[in-house]
Amino acid sequence: MRAGPMTTRLSLLKPDHNVNDYGEQQTTFIPFRTVWAERVQWSGNRSEEVDEHFADENVRYRIRSAHPIKEHWRVKPLDADTTYTVVAIEENRRRGMLTLYCEKLNP
């Protein structure tokens with residue numbers, strides 16, 4: 001385990017499913033834990049469809065495997081205004097790390 005390159009602080013946001021007064025199910029994301037992470041890769045591109053611009057941003061973070069996190073949770077870097085959805089998790093038992101594959105949320 002290499003903790004030295006972990007220089008990014010991430011806030012893990014856990015989904016909370018509840019039913020409102022009208023009977024519809026709502027999902028809110030509550031802060032669960034703040035962890036240290038290493039940003040492994042960042043990629044972004046832009047596409048144009050029907051005269052509209054769509055930005056796509058993907059990022060991979062590496063955190064320690066001691067933190068309980070699941071797919072469809074959200075992560076938010078504390079030094080940025082972007083929020084990402086965790087779409088996949090890769091476990092590396094030998095290093096004791098988890099690699100989070102994330103996609104940027106549209107505002």
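- Tyr101 pairs by the ring pair (Phe, Tyr, Trp, His ring centres under 6.0 Å) definition with nothing, not counting sequence neighbours.
- The hydrophobic cluster containing Val86 also contains Tyr61, counting ILVMFWY residues as joined when their side-chain heavy atoms lie under 4.5 angstrom apart, directly or transitively.
- Screening residues 69-91 for salt bridge (charged side-chain N to carboxylate O under 4.0 Å, His left out), with sequence neighbours left out, gives Glu91-Arg93.
- Inter-residue side-chain proximity for Arg60 and Arg39 is flagged as unmet; no heavy-atom pair is nearer than 4.5 Å.
- Note: Thr83 OG1 to Phe29 CZ = 10.0 Å, rounded to the nearest 0.5 Å.
- At a threshold of 4.5 Å between side-chain heavy atoms, the hydrophobic network of Ile, Leu, Val, Met, Phe, Trp and Tyr places Trp42 and Ile63 in one connected group.
- Residues passing the side chain to side chain contact (heavy atoms under 4.5 Å, CB included) test with Trp36, sequence neighbours excluded: Met6, Arg9.
- For the pair Ser11 and Phe32, the minimum side-chain heavy-atom distance is 4.5 Å or more.
- Taken from CD1 in Ile30 to CG in Leu12, the straight-line distance is 12.0 Å, to the nearest 0.5 Å.
- Looking only at side-chain heavy atoms (C-beta outward), Tyr84 and Glu57 come within less than 4.5 Å of each other.
- When all heavy atoms of Gln26 and Asn20 are compared, the pair lying nearest together is NE2-ND2, 3.4 Å.
- The CD1 atom of Ile89 lies 10.0 Å from the OG1 atom of Thr99; values are rounded to the nearest 0.5 Å.
- Smallest separation of non-hydrogen atoms from Val75 and Cys102: CG2-SG, 3.9 Å.
- Rounding to the nearest 0.5 Å places CE of Met97 at 7.0 Å from CZ of Arg64.
- Here Asp56 contributes atom CG and Glu103 contributes atom CD; the two are 6.5 Å apart, rounded to the nearest 0.5 Å.
- Contact check for Leu78 versus Leu10: no side-chain heavy atoms found under the 4.5 Å cut-off.
- Remark: Arg33 CZ to Leu13 CG distance equals 13.0 Å, nearest 0.5 Å.
- The hydrophobic cluster containing Ile69 also contains Val35, counting ILVMFWY residues as joined when their side-chain heavy atoms lie under 4.5 angstrom apart, directly or transitively.
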